[in-house]
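Written out below as structure tokens is the structure these notes cover.
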Amino acid sequence: MFDTLIKRMEQLANTNPEKMAVAFKKERLDYGSLYERITVIGSVLSDMGIRSGDRILFTAVSKPETVAVYLGIQYCGGIAVFIDKNASTESVWNIYQDASAVLLLTDKPMKEYVDKMRIYSLRQLYLSERPTRNIGYVIPEEDDIAELLFTTGTTGTPKGVILTYRAVYHILSNTIRGIGMTSKECILIPLPLNHSFALRVLRAALYQGSTVILQNGFVFAKEIENNQTEFHCTAMAAVPASMEILRNLMPDRFVDIMGKFRYIEISAGSLTVEQRKRLTAQLPNTIIYNTWGSSETGGALFVNVSEIAQDPKSVSTIGKPLPGIEVGVLGENGEFLSCSDASHPGRMALKGEMQMAGYWNREELMKETLKDGWLITSDLVYMDERGYVYMLGRADDIINVGGEKVSPVEVENVAGQCPMVRECACIGVDDPEGITGQIPVLFAVSKGTGLSEDVLRKFFVDKLERYKFPRKIILLPELPRNSMGKIDRKKLHVVWENRDVTSSAMNPVIQAILTRRSIRKFTDQPIPRELLDIILQAGYYAPTGHNMQTWRFTVLQNQEKIMSLKGVIKKITVDKRIPFYGFENPQCLILISNDRRNPDGCQDCSCAAENIFLAAHSLGLGAVWLNPLMKICDEPDIRSILTSYGIPGNHTVWCMAALGYPLGEGVLLAKKKNVVAFVG
């Protein structure tokens with residue numbers, strides 16, 4: 001069977017024109033309007049001279065206009081070439097040349113290349129009025145090229161994956177079958193639309209007549225809740241890293257919000273064993289799928305994690321192939337293995353109607369990848385008797401320790417179960433002593449300050465064979481990742497090469513700074529006075545302008561007084577519409593105030609507060625900055641309480657530091673890295 005998305009959009013426009021097809025915030029298209037836009041865009045492009053087979057680049061912003069333009073290009077016979085919305089202008093120019101494109105559709109500034117490329121506004125094209133001439137849709141041949149997906153893959157060199165109309169149809173069909181997607185779904189896609197995973201989910205949802213809700217990433221968890229509330233989303237597409245981001249961004253709401261989805265499909269990476277067990281336990285009424293796929297194949301191996309998470313034998317599988325997809329395991333000489341296991345793995349080969357036709361302008365690479373109808377991957381796998389496929393890692397990532405093969409995935413799965421490890425990654429490097437050829441090196445991110453090499457080494461005992469033990473362990477504030485949240489192992493090799501600098505930089509002070517998180521919920525365990533004295537000492541040892549030291553540290557440990565103050569603050573902030581996120585049950589509240597006649601009072605208190613937070617974290621305590629008092633400390637009801645504490649009337653309370661033993665992990669917020677500028 002063969003069908004195109006354009007024919008399907010025409011059908012849905014006739015049978016269900018008012019059903020919402022795609023939305024982004026307040027901008028929405030129903031199926032009738034979407035098909036109308038497709039035909040208008042296709043006709044305008046035709047009037048612009050676009051002919052069948054022409055390559056057209058376009059910036060894949062997460063908005064309905066991208067969907068309409070993508071299909072409008074195919075309506076007039078053009079070949080759609082997706083461009084990352086964050087791609088540099090140089091990268092866009094390189095792909096434009098490589099694809100021999102005739103047009104770039106974007107609203108990004110391209111000043112330095114404006115004379116080298118034909119550029120037109122994506123938004124303007126989307127909003128075009130219907131031209132006087134309306135072209136008809138010519139159904140393409142199955143083997144005609146529909147799309148070019150440019151991906152860096154593991155080589156770092158952009159390569160264009162050629163997808164025919166036949167491949168596109170079978171990729172979307174596999175997604176529908178593998179996930180059980182229905183026409184009733186409302187699917188949230190907070191992923192870049194140029195990525196093959198997001199794109200195949202988009203295609204499948206549109207073909208099914210489902211509703212697609214677009215979102216610009218996972219950085220703002222509130223958007224997921226808003227979209228779910230407004231559109232009643234039943235499903236979501238996610239990558240493993242984004243699930244961890246969401247869990248950290250909304251620890252109190254994660255289960256409530258994620259549990260409303262009927263299913264969540266996770267792809268572009270495999271969930272760890274620990275993640276699988278935790279997610280299925282937290283979300284018992286939400287089906288968790290983990291899909292193996294690639295730009296070259298779309299989703300090919302599917303697994304319902306909710307069904308296998310408690311099965312020790314199959315919990316780590318990357319899935320089974322669907323009917324119509326063949327999987328083979330190749331030995332070192334390229335022969336198909338009749339039997340494979342963890343000790344006898346091989347490269348995974350795939351065959352099916354969904355696979356790419358080749359790489360654009362990459363004949364040699366294509367010959368290496370496509371052999372006798374099989375697509376050869378770089379993934380080292382084995383299969384069990386039930387047809388489940390298990391991955392040991394990419395062939396280039398397997399570590400050769402004195403002739404013994406070590407899977408970095410196996411090491412990561414064990415290390416990831418350590419309660420003090422937030423995330424980790426293992427790579428193989430040359431043995432500095434020249435004895436075993438290679439050694440495993442583990443990079444780990446701590447949940448707090450207690451993680452050390454010794455802690456991890458003891459954790460590995462009885463869990464791994466000795467030769468699999470990481471010979472070196474490096475603690476990092478975070479793991480390097482690419483735009484889709486996958487761990488960047490190439491950058492880890494760079495970190496290893498600069499390990500002397502990295503290791504010395506991660507001293508206890510730096511580790512405390514980089515791992516501190518705001519904590520709002522605490523246990524009932526009291527804080528020992530000797531620890532509190534150290535924390536307060538760290539506060540008043542902070543620098544002050546001109547060494548004035550006009551501050552005051554007022555310490556509350558009486559729970560009744562703490563809750564009474566909280567109640568008064570909450571009432572006033574609500575009346576005055578001042579944000580106050582509150583706190584639960586801190587065992588201690590430190591009010592840091594300063595004489596308002598001191599022009600540096602705010603800065604002095606801020607330095608002291610930061611010292612207090614870092615000291616508390618280094619001692620295993622949690623803390624959070626609460627700042628509403630700086631705006632309302634002169635309200636009569638508040639000032640009366642402050643006076644009863646002995647705080648002078650001319651003092652402004654710049655900070656309240658809530659302290660206690662953490663009840664759970666803090667929120668790991670993404671840090672902006674484009675805020676630093678070096679001036680030569």
Side-chain angles (χ1 to χ4, degrees), residues 2-10 35 37-60 66-83 92-106 113 116-120 122 125-126 128 131 133-151 158-172 193-194 196 199-200 202-203 206-207 295-296 298 353-363 365-367 369-370:
F2 162 67
D3 198 3
T4 70
L5 274 169
I6 305 300
K7 290 298 294 181
R8 181 62 173 152
M9 293 305 97
E10 181 183 25
Y35 186 67
R37 284 290 90 203
I38 292 169
T39 60
V40 169
I41 292 168
S43 298
V44 171
L45 288 172
S46 179
D47 280 357
M48 292 172 64
I50 301 301
R51 298 294 177 259
S52 179
D54 284 347
R55 274 76 65 198
I56 302 175
L57 275 65
F58 62 101
T59 304
T66 296
V67 179
V69 168
Y70 157 50
L71 296 174
I73 291 170
Q74 293 189 349
Y75 184 85
C76 71
I79 297 174
V81 185
F82 294 80
I83 295 294
V92 174
W93 166 237
N94 289 337
I95 293 175
Y96 189 93
Q97 293 180 96
D98 192 357
S100 299
V102 299
L103 179 65
L104 167 64
L105 300 171
T106 188
Y113 296 101
K116 299 179 180 180
M117 293 186 282
R118 185 184 182 190
I119 304 172
Y120 193 77
L122 179 77
L125 176 62
Y126 172 65
S128 296
R133 184 179 70 93
N134 183 30
I135 66 168
Y137 176 59
V138 178
I139 299 177
E141 298 294 327
E142 287 184 310
D143 292 328
D144 287 346
I145 300 175
E147 304 164 14
L148 287 182
L149 301 185
F150 274 84
T151 171
K159 55 182 184 292
V161 173
I162 302 171
L163 294 181
T164 64
Y165 281 94
R166 173 170 49 194
V168 167
Y169 173 74
H170 285 281
I171 287 172
L172 70 84
L193 292 184
N194 63 293
S196 61
L199 184 54
R200 69 172 174 79
L202 172 69
R203 295 194 208 99
L206 292 176
Y207 193 86
S295 300
E296 291 86 347
E353 300 282 5
M354 76 295 171
Q355 70 188 39
M356 69 170 185
Y359 293 113
W360 185 264
N361 289 338
R362 302 288 190 278
E363 289 296 326
L365 180 60
M366 186 172 72
K367 290 177 182 177
T369 307
L370 295 175

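Computed from a predicted structure; not experimentally measured. Hydrogens, waters and symmetry mates are skipped; everything else that's a heavy atom, side chains included, is used. Along the sequence shown, residues are numbered consecutively beginning with 1.
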So do the side chains of [X] and [Y] get within less than 4.5 Å of each other, counting heavy atoms only?
X: Thr4; Y: Tyr137; result: yes
X: Leu193; Y: Tyr70; result: no
X: Leu199; Y: Ser196; result: no
X: Arg166; Y: Asp143; result: yes
X: Val161; Y: Tyr359; result: yes
X: Met366; Y: Ile162; result: no

>> Do the side chains of Arg362 and Asp98 get close enough for a salt bridge, i.e. N-O under 4.0 angstrom?
In response: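 A salt bridge is present here (some side-chain N lies under 4.0 Å from a carboxylate O).
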> What residues form a side chain to side chain contact (heavy atoms under 4.5 Å, CB included) with Ser46, not counting sequence neighbours?
Replying inline: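 Only Arg51, Arg133, Ile135 meet the side chain to side chain contact (heavy atoms under 4.5 Å, CB included) criterion with Ser46.
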> If you round to the nearest 0.5 Å, how far is OG1 of Thr106 from CG of Leu125?
Replying inline: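 The OG1 atom of Thr106 is 12.0 Å from CG of Leu125, to the nearest 0.5 Å.
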> Between CD1 of Ile56 and CD1 of Ile79, what distance do you get to the nearest 0.5 Å?
Replying inline: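 CD1 of Ile79 is found 9.5 Å from CD1 of Ile56.
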> With Lys7, which residues qualify under salt bridge (charged side-chain N to carboxylate O under 4.0 Å, His left out), at least two apart?
Replying inline: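 Salt bridge (charged side-chain N to carboxylate O under 4.0 Å, His left out) check on Lys7 returns Glu10.
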At their closest point, which heavy atom of [X] faces which heavy atom of [Y], and how far apart are they?
X: Leu206; Y: Met9; value: O-CE, 3.2 Å
X: Cys76; Y: Ile50; value: SG-CG2, 3.9 Å
X: Leu370; Y: Ala357; value: CD1-O, 3.7 Å
X: Arg118; Y: Met48; value: NH2-O, 2.9 Å

Would you say the side-chain atoms of [X] pair up with the backbone N or O of [Y], donor to acceptor, closer than 3.5 Å?
X: Arg55; Y: Ala99; answer: yes
X: Tyr75; Y: Val40; answer: no
X: Arg203; Y: Leu172; answer: no

>> So if I apply the side chain to side chain contact (heavy atoms under 4.5 Å, CB included) rule between Ile38 and each of Val69, Ile6, Ile73, which one comes out positive?
In response: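 The passing option is Ile6.
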